[in-house]
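One-based numbering along the sequence shown. In what follows, every heavy atom counts, from backbone to side chain, and hydrogens, waters and symmetry copies are set aside.
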Amino acid sequence: MVLRIGNASGFYGDRFDAVREMLTGGDTGGDPGGESAGGPGGDPGNGSSNGSGNSLHVLTGDYLAELTMLILGRDLLKDPATGYAKTFLRQMEEGLGLAHERGTRIVTNAGGLNPAALADALRALADKLGLPVRVAHVEGDRLPARDGALAANAYLGGAGIAACLAAGADVVVTGRVTDAALVTGPAQWYFGWGPEEYDRLAGAVVAGHVLECGTQATGGNYAFFRDHDPALLRRPGFPVAELHDDGSCVITKHPGTGGLVDVGTVTAQLLYETAGARYAGPDVTARLDTVRLTREAPDRVRIEGVRGEAPPPTLKAGLSRLGGFRNEVVFVLTGLDVEAKAALVRDQIEDAFARGGSRPAEVRWDLVRTDRPDAGTEETASALLRLVVRDPGPDAVGRTLTGAAIELALASYPGFHVTAPPAKGSPYGVFETVYVDAAEVPHTAVLPDGTRQGIPVPPRTRALEPVPEPELPEPPAAGPVRRVPLGRIAGARSGDKGGDANVGVWVRTDEEWRWMVHALTVERFRVLLPETADLPVVRHVLPNLRALNFTVAGILGEGVASQARFDPQAKALGEWLRSREIDVPEGLL
């Protein structure tokens, strides 16, 4: 008995035709697991056998991220009938019929801040198309507004999704659930797992985490992309998990689609936006230090051995609020005397602020030395001076800044110009993480017939605590070394969680692991990435993955929407680390 579950979206704005591709791609006939889809009873619920060897029992789509919640919050303020991912509704104009034909159920968090409205819109669409599609939704994640938040949402687990599927839903729409809940919910329904089958649930969490970002599991954003044919990575296919009743799974993709699935691509995604060995969620706390990966065949990686523990008593919740207003000007400094030119224009702008009597609350200058000596083009002879201002009100970042910058056009450094004319100040958002008692969140499944079913809290909980560092292998014997970029042997993937970032680093052999676990300490990490020198950095050791996961607190300010940093989501922080040079034993090179 195998549950084939795929993903067709990793974010709001992902490839539009992925839904069609996942519902039709690689359809060659045969039964994926020896039984038809549909949970313990085996009935897919709409008269379709779902017997195709590469068809899916469930197709998921992840549309929500921290920044997305802020965008949807602004939509909802303008129109109370919105607040959901409109792209998904357009995808369903074709996708509903395809899914109905194939007996594939659809589970998505595209409901955003208004899952009931999206469910209603889907019913109207199904009626228009003449399809007998049963739609359910999950709600209760929205919390009472606090501290002027545009959106306040708890991260729910998969039990509400499971209840909707058990009631015969063909489409389940949720608001804010954990990304992995899009898989744990269908797994609980399909296999009939109870809430205390922690190892099975943890296996589903890990499968869900691999699927959630779509093509990042199939070669997208992959550190070792140069090891593969560029044509293969031109258009990666989306991932599929073949999930078993014991919680183990195989990660794969539809035959004939682009990209690749190997131990490295799966490892990279497992490290993405995680931290320590305990990966907590509303259904279960999965132990990432127990994950074992094995290449089973080309484009097939088995995940097994995952252990689980009772979930924590609290739910993570995200608050998205208006942080204030920001503006930005980028001055281009060309040729000689770059530092002196930067000092002149900085003094002039600061003087204009002082004379205007309305200096923004936050003023940040960054000089980016993209220039080269004796450059062959004007662009490569130029550096960029970036000015970012923030203030609680729009005036201090608007007219005061734009007036000062424009008036300098003929009165500043030689060669004065900017990358774009100064614009009006724009609002920016702030994301904040808080924790709420799970018992205070009214997790509710609204079934296809309109019945409202309350979802109980987990019967047992366990407070989170750090995992003791595992015993480390013996370091390699001393010998000759060569100074090379870390990325010569190590892969990395990085991402954001509010104002914090994580950088997961892994290697591919046991010998490389023996070296890296001793060489890449917190102290060395701070030296390699000087931006982290004064920030809290924690290292987590994951021997089964031959990986280290570093969390850096506060490097992203108040989160992606505040755009506090050049790379506001820390997407390339890992690649910067890989580019830094370190002494590596010659035997590993």
Side-chain angles (χ1 to χ4, degrees), residues 3 5 36-48 50 57-61 63-64 81 83-85 88-89 92 95-96 99-100 103-129 131-142 153-178 181-195 201 204 282-283 315 438-439 441-459:
L3 171 63
I5 185 164
S36 60
D43 177 13
N46 57 15
S48 175
N50 198 348
H57 301 115
V58 178
L59 179 63
T60 67
Y63 290 78
L64 301 185
Y84 56 80
F88 172 76
L89 187 61
M92 288 300 101
L96 273 182
H100 178 68
T104 300
R105 307 208 186 199
I106 294 175
V107 178
T108 178
N109 61 14
L113 299 177
N114 203 349
L118 179 55
D120 287 341
L122 287 167
R123 292 186 190 99
L125 177 61
D127 289 343
K128 177 183 175 181
L129 298 173
L131 296 172
V133 173
R134 292 166 293 191
V135 181
H137 72 275
V138 177
E139 60 184 39
D141 60 296
R142 290 194 68 184
N153 298 78
Y155 289 72
L156 302 180
I161 296 171
C164 291
L165 293 170
D170 302 300
V171 181
V172 181
V173 172
T174 77
R176 201 32 150 160
V177 296
T178 64
L182 301 178
V183 171
T184 62
Q188 291 173 69
W189 156 71
Y190 190 81
F191 296 115
W193 294 340
L201 288 167
D283 300 306
L315 298 180
V441 177
H443 189 175
T444 304
V446 183
L447 307 182
D449 64 0
T451 301
R452 300 178 64 83
Q453 179 176 327
I455 304 300
V457 297

Check for a donor-acceptor pair, side chain of D283 on one end and backbone N or O of G158 on the other, with a separation under 3.5 Å. yes
Under the side-chain hydrogen bond (donor to acceptor under 3.5 Å, both in side chains) test, residues paired with T108 that sit two or more places apart: none
Distance col, row F191:CZ vs L201:CG, nearest 0.5 angstrom, shows 11.5 Å
Heavy-atom check, side chain of L64 versus side chain of R176, under 4.5 Å: yes
Nearest non-hydrogen partners of P448 and C164, listed with the distance: CD-O, 4.5 Å
Specify the closest pair of heavy atoms between A181 and G157, including all atoms of both residues, with the distance to one decimal. CB-C, 3.6 Å
Shortest non-hydrogen pair, P115 vs G112, comes out as CD-O, 4.0 Å
Work out which heavy atom in A159 is nearest to a heavy atom in Q188; give both atom names and the distance. N-NE2, 3.8 Å
Euclidean distance, Y190 OH relative to L165 CG, rounded to 0.5 Å: 12.5 Å
Test side-chain contact (heavy atoms from CB on, under 4.5 Å) on R105 and W189 and set out the steps. CA-CA 12 Å; R105 307 208 186 199; W189 156 71; 3.7 Å; yes
Any donor-acceptor pair under 3.5 Å from R452 side chain to T444 backbone: no
For the atom pair CE (M92) and CG (L129), what is the distance rounded to the nearest 0.5 Å? 11.0 Å
Give me the atom names and distance for the closest heavy-atom approach of V446 to A136. O-CB, 3.2 Å
Verdict with supporting geometry, D449 and R134, side-chain contact (heavy atoms from CB on, under 4.5 Å): CA-CA 8 Å; D449 64 0; R134 292 166 293 191; over 6 Å; no
Does the pair L447 and Q453 meet the rule for a side-chain contact (heavy atoms from CB on, under 4.5 Å), with working shown? CA-CA 7 Å; L447 307 182; Q453 179 176 327; 3.7 Å; yes
Flag, side chain of D141 to backbone of Y155, donor-acceptor distance under 3.5 Å: no
Under the criterion side-chain contact (heavy atoms from CB on, under 4.5 Å), I'd like the reasoning laid out for L122 against Y84: C-alpha separation, chi angles, the key distance, then a yes or no. CA-CA 12 Å; L122 287 167; Y84 56 80; over 6 Å; no
Identify the residue among V58, V107, I455, T60 that makes a side chain to side chain contact (heavy atoms under 4.5 Å, CB included) with I161. V107
Test side chain to side chain contact (heavy atoms under 4.5 Å, CB included) applied to L156 and T174, L315, T178, the passing residue: L315
Heavy atoms only: give me the nearest H100-P132 pair and the separation to one decimal. CE1-CG, 3.8 Å
Paired with L96, the side chain to side chain contact (heavy atoms under 4.5 Å, CB included) test is passed by just one of V133, L89, D170, namely V133
